[in-house]
Amino acid sequence: YNIDKSRVYAEGYSGGGETMSRVMGMRPELYTAYLQCSSRWDGGYEAVVKSRTPVYLAVGEKDEYYGAEPSRNAYSEIRKDEGLSDSEVDKLVVLDVKPTSYFTQNGITNQHGYGGYLFVRDNGIMSWLFGQVKN
């Protein structure tokens, strides 16, 4: 297959995000960037920071299953690397906690169940993901 190895993206939603975070904790260099939606991070952080594989964490502020706290914790853990400048860290990890209005303006009341649906249709999120290119 003719695969552009500089553009291999991963996305994990809910339990798939938990599983994909474990992969990212072991082999992040296989991917250009990772989008985690409505989930929690179960993998390690060191390999992601070392490989400089960008991560975008999207979750509703009142996600009924996980809540937003696990995403906030993952964001903080990834940001901890003391060898990176603030601008380097900002390129490495993005935390996007969507307010309730993000869902209700789209007629959605269940942030977890439909979060993944909205996030992968969000031009800002998907532009970030597909805008990442490995050097």
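Atom set for the values below is all heavy atoms of this structure, side chains included, hydrogens, waters and symmetry mates excluded. Here, residue 1 is the first one in the sequence, and each next residue gets the next number.
Atoms CD1 and CG, from I125 and L35 in turn, are 6.5 Å apart once rounded to the nearest 0.5 Å. One distance of note links CE of M24 with CG of L30; it measures 9.0 Å at 0.5 Å rounding. Here CG of N73 is found 11.0 Å from CD1 of I78. Values are rounded to the nearest 0.5 Å. Atoms CD and CZ, on Q105 and F103 in that order, are 10.0 Å from each other to the nearest 0.5 Å. Considering CG of L84 and CG of L92, their distance stands at 6.5 Å, rounded to 0.5 Å. Residue N106 holds its CG atom at 10.0 Å from OG of S101, rounded to the nearest 0.5 Å.
Note on Y9 and Y1: separate hydrophobic clusters, where clusters join Ile, Leu, Val, Met, Phe, Trp and Tyr whose side-chain heavy atoms are under 4.5 Å apart, directly or indirectly. Criterion: ILVMFWY side-chain heavy atoms under 4.5 Å apart, direct or through other members. Under it, I3 and Y31 are part of a common hydrophobic cluster. Residues M26 and Y34 are members of separate hydrophobic clusters, defined by side-chain heavy-atom contacts under 4.5 angstrom among Ile, Leu, Val, Met, Phe, Trp and Tyr. Follow the hydrophobic side-chain contacts under 4.5 Å out from V120 and you reach I108 in the same cluster. Hydrophobic cluster membership is shared by V89 and Y75, with clusters built from Ile, Leu, Val, Met, Phe, Trp and Tyr side chains linked at under 4.5 angstrom.
At least one donor-acceptor pair closer than 3.5 Å links the side chain of S39 to the backbone N or O of E18. With hydrogens and angles ignored, the 3.5 Å screen pairs no side-chain donor or acceptor of Y45 with any backbone N or O of R79. With hydrogens and angles disregarded, a donor-acceptor distance shorter than 3.5 Å links the side chain of R52 to the backbone of V49. Looking only at distances, a side-chain donor or acceptor of S21 sits under 3.5 Å from a matching main-chain atom of G43. Using a distance-only test at 3.5 Å, with no hydrogens or angles considered, a donor-acceptor pair links the side chain of T32 to the main chain of V8. Not a single donor-acceptor pair under 3.5 Å links the side chain of S71 to the backbone N or O of V59. Side-chain atoms of Q111 come within 3.5 Å of backbone atoms of K62 as a donor-acceptor pair (strictly under, hydrogens ignored).
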task: Starting from the C-alpha separation in whole Å, work towards a yes-or-no answer on side chain to side chain contact (heavy atoms under 4.5 Å, CB included) for E77 and K80.
output: CA-CA 5 Å; E77 288 297 321; K80 276 186 180 178; 3.0 Å; yes
Chi angles and distances behind the side chain to side chain contact (heavy atoms under 4.5 Å, CB included) call for D96, W128: CA-CA 12 Å; D96 190 357; W128 176 92; over 6 Å; no
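The shortest heavy-atom contact between A10 and L129 is O-CD1, 4.4 Å. For the residue pair R7 and Q132, the shortest heavy atom distance occurs at NH1-O, 4.3 Å.
Counting only residues at least two apart or on different chains, the salt bridge (Lys or Arg N to Asp or Glu O under 4.0 Å) pairs with a member in residues 108-133 are K98-D122.
Within 6.0 Å of CG in D86 there are 12 or fewer heavy atoms belonging to other residues, nucleotides or ligands. More than 12 heavy-atom neighbours from other residues, nucleotides or ligands sit within 6.0 angstrom of CD on E64.
With sequence neighbours left out, Y114 forms a ring-ring contact (aromatic ring centres under 6.0 Å, His included) with no residue at all. Evaluation of the ring-ring contact (aromatic ring centres under 6.0 Å, His included) rule for Y65 yields H112 as partners, not counting sequence neighbours.
Of the options Y56, W41, F119, a side chain to side chain contact (heavy atoms under 4.5 Å, CB included) to Q36 is made by W41 and by none of the others.
Side-chain N/O atoms of T100 and E61 include a donor and acceptor closer than 3.5 Å.
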